[in-house]
There are 2 protein chains.
Amino acid sequence: MTQLRPDLTEPRTAADAPGPDFVEADLRSVERELEDFLAARERDAEPYGEEYVRLWLAVGESARGGKRLRPRLVLSAFHGLSGGHRTADAATRRAAVQTALAFELLHSAFLLHDDVIDGDTVRRGRPNVAGEFSADALFRGAGFSRARLWGESAAILAGDLLLHAAAQRVARLTVPEATRSRLLDLIDRAVFVTAAGELADVGLATGMSASALPDVLSMTADKTAEYSVSGPLAAGALLAGADDAVVELLARYGRLVGVAFQLGDDLLGVYGDESVTGKSAVGDLQQGKETTLIAFARGTSHWADIEPLFGRTDLSAADTARLAAALEGCGARDFAERLLADHVDAAIDALDSPLLPSALADTLTRVALGCVGRAA
Amino acid sequence: MTQLRPDLTEPRTAADAPGPDFVEADLRSVERELEDFLAARERDAEPYGEEYVRLWLAVGESARGGKRLRPRLVLSAFHGLSGGHRTADAATRRAAVQTALAFELLHSAFLLHDDVIDGDTVRRGRPNVAGEFSADALFRGAGFSRARLWGESAAILAGDLLLHAAAQRVARLTVPEATRSRLLDLIDRAVFVTAAGELADVGLATGMSASALPDVLSMTADKTAEYSVSGPLAAGALLAGADDAVVELLARYGRLVGVAFQLGDDLLGVYGDESVTGKSAVGDLQQGKETTLIAFARGTSHWADIEPLFGRTDLSAADTARLAAALEGCGARDFAERLLADHVDAAIDALDSPLLPSALADTLTRVALGCVGRAA
């Protein structure tokens with residue numbers, strides 16, 4: 001799933017801008033809450049044996065590694081729409097922090113299960129839960145098939161635990177019943193739509209679903225945009241008491257930016273610098289991932305050159321370079337980059353509304369522009 | 001995403017029996033709620049393509065197949081401790097139905113992920129989600145490795161969806177805040193402890209954890225007893241407003257019965273009649289499952305005869321029969337059957353308390369005795 005890296009250098013802004021300082025302060029609260037949660041779980045795991053403690057330590061590693069895009073979006077929308085300290089009361093602010101953490105936990109859970117599905121053992125440049133447990137099993141002489149089973153089982157359980165933890169956070173919010181119910185709707189929708197997108201992704205990769213370009217794009221939006229952007233923004237807006245029209249506007253923006261993120265990710269997956277992205281630059285090609293690049297290339301005469309190499313697990317560096325060049329030669333790279341730019345433009349256009357405070361619009365514009373930068 | 005009200009037609013029953021009829025009536029409400037949930041999800045899935053609709057249909061198949069042990073325990077404890085219609089108000093009764101459904105959804109989710117971990121494609125005598133999706137992929141020419149990926153991915157996602165649905169049910173209960181919070185604690189504990197047990201189970205099967213008999217027994221209790229018996233009984237008791245002492249008594253009973261239940265399952269896994277149980281009588285032996293039978297056998301001189309066959313995926317019918325006979329010959333079967341009987345006795349003893357209404361004690365005695373019957 002997506003590695004989102006918006007370059008959000010916070011501006012030093014005027015005193016009455018609704019709250020980058022609040023966002024930063026609350027992001028630190030999210031970190032503290034996460035640490036408290038993990039520490040408690042590591043302690044609770046002790047009576048269940050050292051392997052379970054190790055699982056929680058590995059879960060902690062995986063949850064600690066992110067860039068906190070989703071919490072930042074929850075909190076940016078929340079503070080941006082509640083006018084910072086002027087209207088957000090302390091209890092609602094605490095609820096926003098918990099909601100921000102819930103989306104981060106959901107993200108970590110999805111990454112864990114996505115990695116199991118993709119057979120990935122590395123995430124953010126380090127062994128993931130499956131990688132760590134599998135490697136340990138290998139060192140202890142378990143052999144490949146048992147090591148793989150041990151690693152994948154650990155990662156499935158780790159994802160289950162974080163998925164459940166996300167729902168628990170929202171369930172326990174001390175906000176009015178109606179607000180909690182709507183937040184539960186949002187997180188429910190995030191899980192439902194992401195699962196749909198993930199299934200479509202695997203369906204494309206295994207050839208079980210047709211791989212026309214529109215299918216690839218809607219898969220992209222479902223798999224990433226809902227839980228990464230639309231959901232978090234809508235949750236923040238809801239907690240700020242924003243109008244439904246604002247929530248809808250943010251959802252539309254979120255879908256566009258989410259697709260842009262994924263397009264950026266697809267481009268990084270072929271043209272990115274592994275040492276910078278922490279993501280393998282051959283993984284997508286070896287796994288036969290049905291990205292926009294591939295969907296475009298299929299419709300060109302160059303496909304005959306690409307097909308024999310695409311999805312092979314034994315790609316050499318030279319093969320990878322040939323594939324990347326072929327995808328560029330057939331126009332797929334250009335197409336994906338243009339499509340990305342179009343989505344960014346449309347997302348920024350969606351922000352052009354008197355309903356949106358200008359400071360929040362600025363933040364979200366920078367988020368959208370960050371999608372272009374990252375593909376470079 | 002609809003939440004329909006259960007149709008609580010009041011049964012015509014004797015005035016003060018604390019309610020087997022109520023339990024049966026509410027179990028029918030659980031079924032209706034489940035059907036409503038599945039129907040809504042199948043509809044909601046339509047915009048996301050036919051594969052996602054098929055996933056929900058397969059989820060429905062898997063969720064429909066159970067014996068409803070967990071809902072029955074929730075409702076038996078609830079009605080048994082609230083004295084039937086005399087004290088249970090309609091709103092709390094609806095909450096009990098929702099809680100009963102939550103535990104059933106949790107169960108279905110765990111089965112789905114457990115099957116992925118075990119590589120099982122059959123459950124209750126029929127293809128499970130992974131089996132159905134894999135077989136479909138094979139028929140469509142996907143080849144084995146893609147078919148397996150498709151099936152396992154579908155099952156991982158299906159489990160995620162039901163795990164989340166379980167948490168949503170509890171989160172949305174319209175009960176006092178403190179009650180909901182304690183119910184959230186219970187389901188959180190169920191997920192936490194079950195994951196610990198499942199990890200220990202895989203650890204034993206892959207040789208990553210020591211396999212002494214006490215480890216096998218505590219794994220058994222963690223993997224099964226908490227979410228299957230202790231949790232559901234505690235939840236029903238809590239909704240009935242029972243004392244903490246009763247909740248503790250039921251938790252103790254639950255742990256004993258849960259172990260008995262798993263011991264019965266282990267015995268069925270070797271000595272059961274496949275046509276009756278719907279469970280393969282070779283699966284456990286082929287998968288190298290570290291059951292009590294095996295843990296006992298390891299400590300005997302017969303292990304040298306058992307070890308070469310145990311965990312082999314190519315066991316013939318003759319091999320299986322030899323293994324079963326060897327496990328009987330070394331005393332493992334006797335030992336497991338005695339241990340099962342001891343757990344059943346201890347569970348029934350735990351019910352001997354003036355705090356427990358006799359009708360509920362009778363029901364739970366029958367549940368405990370049922371663990372012995374099923375191993376026959």
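Quick note on labels: first sequence line is chain A, next is B, and so on, each numbered from 1. Small disclaimer: the values here were computed from a predicted structure and weren't measured.
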Which of [options] touches chain B most, by non-hydrogen pairs under 4.5 Å:
options                        : answer
A:F133, A:W56, A:Y52           : A:Y52
A:D215, A:V116, A:T174, A:V193 : A:V193
A:L163, A:L184, A:V191         : A:L184
A:A171, A:G207, A:G203, A:A196 : A:A196
A:E152, A:M219, A:E177, A:H113 : A:H113
A:A142, A:A200, A:S181         : A:S181

Heavy-atom distances under 4.5 Å only: say whether A:R180 touches chain B with side chain, backbone, both or neither.
side chain

Taking only heavy atoms into account, what residues of residues 153-161 of chain A are found under 4.5 Å from chain B?
A:S153, A:A154, A:I156, A:L157, A:D160, A:L161

Do NZ/NE/NH1/NH2 and the carboxylate oxygens of A:D44 and B:R189 come within less than 4.0 Å?
no

For B:R54, what residues pass the side chain to side chain donor-acceptor pair (under 3.5 Å) criterion, not counting sequence neighbours?
B:E51, B:D136

Between B:A195, B:A167, B:A205, which shows the greatest number of heavy-atom pairs under 4.5 Å with chain A?
B:A195

If we only count heavy atoms from C-beta on, is the A:L149 to B:M208 side-chain gap below 4.5 Å?
no

